[in-house]
Amino acid sequence: MIPSKSIPTIPPDTYKALPAAYAFLDPQLRESVATESPRVVFIEVTNHCNLLCETCPRTFTSYEEPQTLSWENFLKIAEQFPKMERAVLHGIGEPLINRNLPQMIAHLKQRGVTTLFNTNATLLNEEWGRKLIESGLDEMRCSIDGAKTETYAKIRGAPLLHKIVGNLAKFTELQQKMNATKPKASIWMTGMRENIEELPDLIRLAHRMGIKEVYVQRMVYYLDHDHAPGLMDAGHALFDDFDELADRCIAEAELIAKEHEIILRASGATDPRRSLSAAMLRDHQPWRGCLRPWTTAYVTANGNCLPCCISPFATNDYQSLKMGNLFEKSFDEIWNDERYQAWRTSLLSDQPPAPCKGCGVHWSL
């Protein structure tokens with residue numbers, strides 16, 4: 001067990017407010033063995049994509065064999081997590097490529113699992129919209145990295161912003177016609193130097209599309225690559241060099257969001273300013289605050305278990321991320337085997353695994 005004095009200061013009420021089953025998340029109680037099975041499970045339903053985003057490793061390399069998860073293999077994965085409360089049906093790929101997605105969602109909803117995924121929304125037509133609504137999907141997060149066609153195309157690799165805006169506007173109209181409150185649609189923008197000035201206009205776009213929530217998410221990039229491809233290097237991130245321009249853009253976006261009654265937040269359960277600025281516990285090893293290796297599972301379309309959803313974006317040493325393959329042995333065997341325990345022990349030290357070194361230091365947790 002890690003001595004309490006070596007753990008960064010975290011408000012004790014954070015843990016007191018948790019249900020008894022989550023008491024093990026207290027930093028003073030965490031150790032290399034995870035005593036609870038994951039409540040949150042990422043299931044990559046495909047690693048195929050119809051875009052070539054400049055911030056995604058998939059554009060520049062193939063981590064795994066191309067694969068779209070079959071219904072049978074989905075069931076093999078899902079049954080391994082009896083305590084699953086939240087399922088995130090995406091990874092490195094576009095979920096709407098998998099035609100079995102509505103069936104997968106419906107299966108999880110029958111189990112009482114909150115279900116969501118991220119999409120680029122380029123394939124979102126009326127047929128898909130109806131199926132997603134009828135499946136019981138709780139949340140659909142739509143990635144839009146810019147409010148101008150040229151900015152979106154530069155980051156996402158295709159001039160399709162107009163199509164996405166049209167698709168989402170039609171989707172919210174369809175929800176109204178079907179009197180459906182779910183899925184909750186939201187917009188997610190990766191905050192970068194290239195697009196932060198467009199955040200106010202993205203709020204205006206959201207209003208036009210009938211979407212009530214906009215999020216700014218962290219930019220994660222290769223730390224261990226001298227010549228990172230595309231836009232996957234520090235020169236495009238805001239966290240290390242948050243400046244007056246970014247602050248002004250966020251302030252304007254907050255005013256516009258308030259005017260249009262739109263919720264403006266950031267990934268990591270915080271606000272955009274805190275997420276993008278470096279006001280973190282840099283001197284206190286902030287990566288130790290990460291709970292993912294104790295609470296969350298990530299399973300790829302090929303059955304490989306990874307420590308978290310961020311790690312593939314933070315390192316090009318993909319082999320180091322594989323904790324085991326769920327199609328070769330049970331998740332219970334993988335969850336507390338030597339590799340997972342070593343990862344947790346390292347994360348709680350002053351020498352974390354390479355993909356974790358940037359968390360709270362070069363991007364938000």
Side-chain angles (χ1 to χ4, degrees), residues 1-44 76-88 91 111 113-114 268-269 281 284-300 302-312 314-315 317-361 365:
M1 187 179 297
I2 303 298
S4 60
K5 66 180 181 180
S6 66
I7 298 294
T9 301
I10 298 175
D13 289 345
T14 300
Y15 302 99
K16 290 180 180 178
L18 291 170
Y22 291 86
F24 71 98
L25 298 182
D26 187 324
Q28 297 185 39
L29 300 178
R30 264 188 283 164
E31 49 189 14
S32 63
V33 172
T35 57
E36 292 285 328
S37 61
R39 261 63 167 191
V40 179
V41 183
F42 283 69
I43 303 176
E44 184 181 69
K76 287 180 184 178
I77 295 172
E79 69 185 9
Q80 297 280 330
F81 300 96
K83 295 185 177 181
M84 178 170 28
E85 297 174 355
R86 184 178 179 86
V88 184
R111 287 179 49 177
V113 177
T114 299
L281 299 174
H284 299 276
Q285 301 160 352
W287 54 78
R288 294 188 183 187
C290 177
L291 303 175
R292 293 177 182 89
W294 288 267
T295 63
T296 305
Y298 182 116
V299 186
T300 73
N302 287 290
N304 290 312
C305 298
L306 310 184
C308 81
C309 62
I310 297 174
S311 56
T315 179
D317 182 12
Y318 190 72
Q319 291 303 314
S320 70
L321 305 179
K322 294 181 180 179
M323 301 291 105
N325 189 283
L326 190 144
F327 297 149
E328 296 173 0
K329 57 182 180 179
S330 72
F331 184 77
D332 285 345
E333 294 177 89
I334 296 170
W335 187 228
N336 278 311
D337 71 2
E338 184 178 332
R339 296 203 70 177
Y340 247 122
Q341 288 198 46
W343 192 282
R344 295 185 187 110
T345 299
S346 180
L347 185 62
L348 292 174
S349 74
D350 58 1
Q351 293 295 324
C356 305
K357 289 181 179 179
C359 282
V361 178
L365 284 171

Closest non-hydrogen contact found for Ser349 with Gln285 is O-OE1, 4.2 Å

Hits for ring-ring contact (aromatic ring centres under 6.0 Å, His included) against Phe331, two or more places apart or cross-chain, chain-then-number order -> Phe81, Trp335

*asked:* Would the distance check show the side chain of Ser346 and the main-chain N or O of Gln351 forming a donor-acceptor pair, the cut-off being under 3.5 Å?
replied: yes

Rounded to the nearest 0.5 angstrom, the CZ-CD1 distance for Phe42 and Ile77 is 14.0 Å

Find out whether Gln80 and Val299 are in side-chain contact, i.e. whether some heavy atom of one side chain is under 4.5 Å from a heavy atom of the other.
no

**OP:** Give a yes or no on whether the backbone of Ala78 and the side-chain of Arg111 come within a donor-acceptor separation of less than 3.5 Å.
**Re:** yes

Under 3.5 Å: donor-acceptor pair, side chain of Asn336, backbone of Val33: no

Between Ala314 and Pro355 the two heavy atoms that sit nearest each other are CB-O, 3.5 Å

d(Glu44 CD, Cys309 SG) to nearest 0.5 Å is 11.5 Å

All heavy atoms of Asp317 vs all of Ser320, minimum pair found to be O-OG, 2.7 Å

The reported gap from CD1 in Ile310 to CG in Leu365 (rounded to nearest 0.5 angstrom) is 8.0 Å

Between the OG1 atom in Thr345 and the CD atom in Glu31, the distance rounded to the nearest 0.5 Å is 9.0 Å

When every non-hydrogen atom of Cys359 is compared with those of Pro286, the smallest separation belongs to O-CG, 3.8 Å

Between the SG atom in Cys305 and the CD atom in Glu328, the distance rounded to the nearest 0.5 Å is 10.0 Å

Taking every heavy atom of Pro307 against every heavy atom of Leu321, the minimum-distance pair comes out as CD-O, 3.1 Å

The complete set of salt bridge (charged side-chain N to carboxylate O under 4.0 Å, His left out) pairs with one or both residues in residues 336-349, sequence neighbours excluded, reads Lys329-Asp337

Exercise for review: Would you check if Leu306 and Tyr318 make a side-chain contact, meaning some heavy-atom pair closer than 4.5 Å?
Suggested key: yes

Would a 4.5 Å heavy-atom cut-off, applied to side chains only, mark Leu291 and Arg30 as touching? yes

- Task: With the side chain counted from C-beta on, respond yes when Thr35 and Trp294 share a heavy-atom pair under 4.5 Å apart, and no when they do not.
- Result: no

Next item on the list: Measure the shortest side-chain to side-chain distance between Leu326 and Glu333 over non-hydrogen atoms and say whether it is less than 4.5 angstrom.
Entry: no

Correct closest heavy-atom pair for Ala87 and Val113 would be N-CG1, 3.5 Å

